[in-house]
Amino acid sequence: MFSKNIFQDIKRMIFELPDDHLFIRDEHRQLLLSFLENPNADTTLDLYRFISRIQEKEDVYNLMDILRLYEEGFSKILLDHRDHYLHSASVYALGLAIYNGCSTIRNACNTDRHEADFRHEQKASFLFRWSLAACLHDLAYPLELSLKSFNRYSNYLNQIADDTRHTFISIDPRIYERFNLLPIIHPENNLMPMIRKDTALGLIASCLTDHTFRRSPVTFETLHDVLKRYLKNNLAIGRIDHGVFSSFIVLRKIHQLYLKNNWDIWNYYYEVVDAATAIFLHNSYAHSELKNIYRNGKFNYDYPSPLGYLLFLADSLCEWFRGNRRDYKVFGVHVDDRRITLRMPKKVIAKMAGSAELFDERIPVISTDKWDFVTD
């Protein structure tokens, strides 16, 4: 049965299962527990700042504070606005619980990372990649918010004037390029002379093909064209995909840190690009050709991006804090190797139906509005 507070369920699955696959200790443990016991802006900020400090990524995580300030302002303008600050911390916590409780997803996320004999490295690698992906996946949402606010007001003015709609704003097609280009790190970076891999989009396409955990159904060149077409189509309708921009910002800013501090650049390719690819996919997968390229409209848990699936799953399931700040008390969750079960109100189940269509049925996700649902 579920606790009548989903954070208590998450706490149990992170800290009270017989096997600990996370190794969350000391200050990290205390701050995460503080958030789970009393989820608010202060405990969320403390958790973000700790993660940024231990990863030496303060310049990137500080943008989450700006996200919060933007959201506080826009919540008065856009009445249907949904929180992303507390939401991102919830996604982080739920993802930890799913990873710890479901060996199928856990093993997929660690494939081709570290051998079983190096458990500590495996845990550290996942925590680093998941911290980046979960906490920063909505980093660029103020861009989408600003455009949405402007368009709403411009349409209102149009309707007053002549009851017609016009395009008040067009997006400079170079906007993606300004974030997309990365400095060449060394000659070995251009492994494919015909297509530049010294771009954020090139690195993401490479991650989905060169390091896929099964044989990729598409080549790097084809996938690169698919992703470019997705960006072009968004620009044509005046839309910004916050997931794309969030991934580009993460890649660019953390790339600068690697160069500045002379860190091992192969860890950037190995860890940061994996996290940024997950961020890129969490919104674009459902709205692009990708969902048809990979397994006919489903999002596989094991390829092309296991971390991307975990982020898409956790992001889709975290429907609390999207309205009433205390609505997490009407949610519950249970995870094991056979299935993931969510307790949520009927209206939320209906609202989540679109995302649920993409869930990989090999790991069933069951939604119920019953408190006494048997989870064993």
Side-chain angles (χ1 to χ4, degrees), residues 14 20-25 28 32 47-48 50-58 60-61 63-64 88-116 118-139 200 203-213 243 246-255 257-258 263-283 285 299-315 318:
I14 294 177
D20 177 12
H21 301 280
L22 293 167
F23 200 75
I24 296 175
R25 298 289 188 273
H28 189 186
L32 183 54
L47 182 61
Y48 287 155
F50 169 79
I51 294 172
S52 71
R53 188 175 73 251
I54 62 171
Q55 293 181 358
E56 300 179 85
K57 306 285 189 298
E58 288 92 340
V60 185
Y61 279 84
L63 293 172
M64 291 301 293
S88 295
S90 297
V91 170
Y92 174 70
L94 180 61
L96 295 176
I98 294 174
Y99 176 91
N100 207 34
C102 181
S103 62
T104 306
I105 288 181
R106 180 170 63 251
N107 293 337
C109 286
N110 293 324
T111 301
D112 198 32
R113 296 278 160 189
H114 296 284
E115 298 295 334
F118 297 93
R119 296 291 187 187
H120 181 74
E121 289 84 350
Q122 189 179 83
K123 294 173 183 178
S125 171
F126 172 75
L127 283 177
F128 175 56
R129 290 179 288 129
W130 182 244
S131 297
L132 292 177
C135 296
L136 302 178
H137 74 281
D138 286 334
L139 186 66
L203 291 176
I204 289 167
S206 177
C207 185
L208 293 174
T209 52
D210 298 349
H211 303 293
T212 192
F213 305 106
S246 295
S247 68
F248 284 4
I249 292 169
V250 166
L251 283 172
R252 187 176 183 87
K253 283 192 166 290
I254 296 182
H255 177 267
L257 290 174
Y258 271 76
W263 293 335
D264 184 352
I265 201 63
W266 291 110
N267 287 335
Y268 175 85
Y269 290 131
Y270 200 56
E271 311 285 1
V272 179
V273 174
D274 188 35
T277 299
I279 294 173
F280 187 99
L281 293 178
H282 93 271
N283 194 57
Y285 192 92
F299 200 150
N300 296 295
Y301 77 83
D302 50 355
Y303 75 100
S305 171
L307 197 72
Y309 181 75
L310 178 58
L311 180 59
F312 174 75
L313 179 64
D315 184 44
C318 282

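The distance from atom CG of Leu311 to atom CZ of Arg129, rounded to the nearest 0.5 Å, is 12.5 Å. Atoms CZ and OH, from Phe280 and Tyr285 in turn, are 13.0 Å apart once rounded to the nearest 0.5 Å. Going from atom OG of Ser131 over to atom NE2 of His28 covers 6.0 Å, rounded to the nearest 0.5 Å. The CG atom of Asn283 sits 8.0 Å away from atom CG of Asp315, with the distance rounded to the nearest 0.5 Å. For the atom pair SG of Cys135 and CD of Gln55, the computed distance is 8.0 Å after rounding to the nearest 0.5 Å. Interatomic distance, CD1 of Ile254 versus CG of Asn267, reported as 12.5 Å (0.5 Å rounding).
What you find for Asp138 and Ser246 is that their closest heavy atoms are C-OG, 3.6 Å. Between Glu271 and Ser125, the shortest heavy-atom contact is OE1-OG, 3.0 Å. In terms of heavy-atom proximity, Ala133 sits nearest to Leu307 at CB-CD2, 4.1 Å. In terms of heavy atoms, Ser247 sits closest to Ala276 at CB-O, 3.2 Å.
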Q) Phe248 and Ile279: side-chain contact (heavy atoms from CB on, under 4.5 Å), yes or no, with the steps? A) CA-CA 9 Å; Phe248 284 4; Ile279 294 173; over 6 Å; no

**Q.** Phe126 and Tyr99: CA distance, side-chain angles, deciding distance, ring-ring contact (aromatic ring centres under 6.0 Å, His included) verdict
**A.** CA-CA 9 Å; Phe126 172 75; Tyr99 176 91; 3.6 Å; yes

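In this structure, the side chains of Leu136 and Tyr92 stay at 4.5 Å or more apart for every pair of heavy atoms. A 4.5 Å side-chain heavy-atom check between Phe128 and Val272 finds at least one atom pair inside the cut-off. Looking at Ser52 and Val60, their side chains never come closer than 4.5 Å, going by heavy atoms from C-beta outward. For the pair Tyr268/Leu257, no side-chain contact is recorded, criterion being any heavy-atom separation below 4.5 Å from C-beta on. Contact check for Leu203 versus Cys207: no side-chain heavy atoms found under the 4.5 Å cut-off. Side chains of Trp130 and Val91 form a contact here, defined as non-hydrogen atoms less than 4.5 Å apart.
A side-chain donor-acceptor contact under 3.5 Å links Asp20 to the backbone of Leu22. Looking only at distances, no side-chain donor or acceptor of Tyr61 sits under 3.5 Å from a matching main-chain atom of Arg53.
Aromatic ring pairs are classed by plane angle as parallel below 30°, tilted from 30° to 60° and perpendicular above 60°; the pair Trp263 and Tyr258 is perpendicular.
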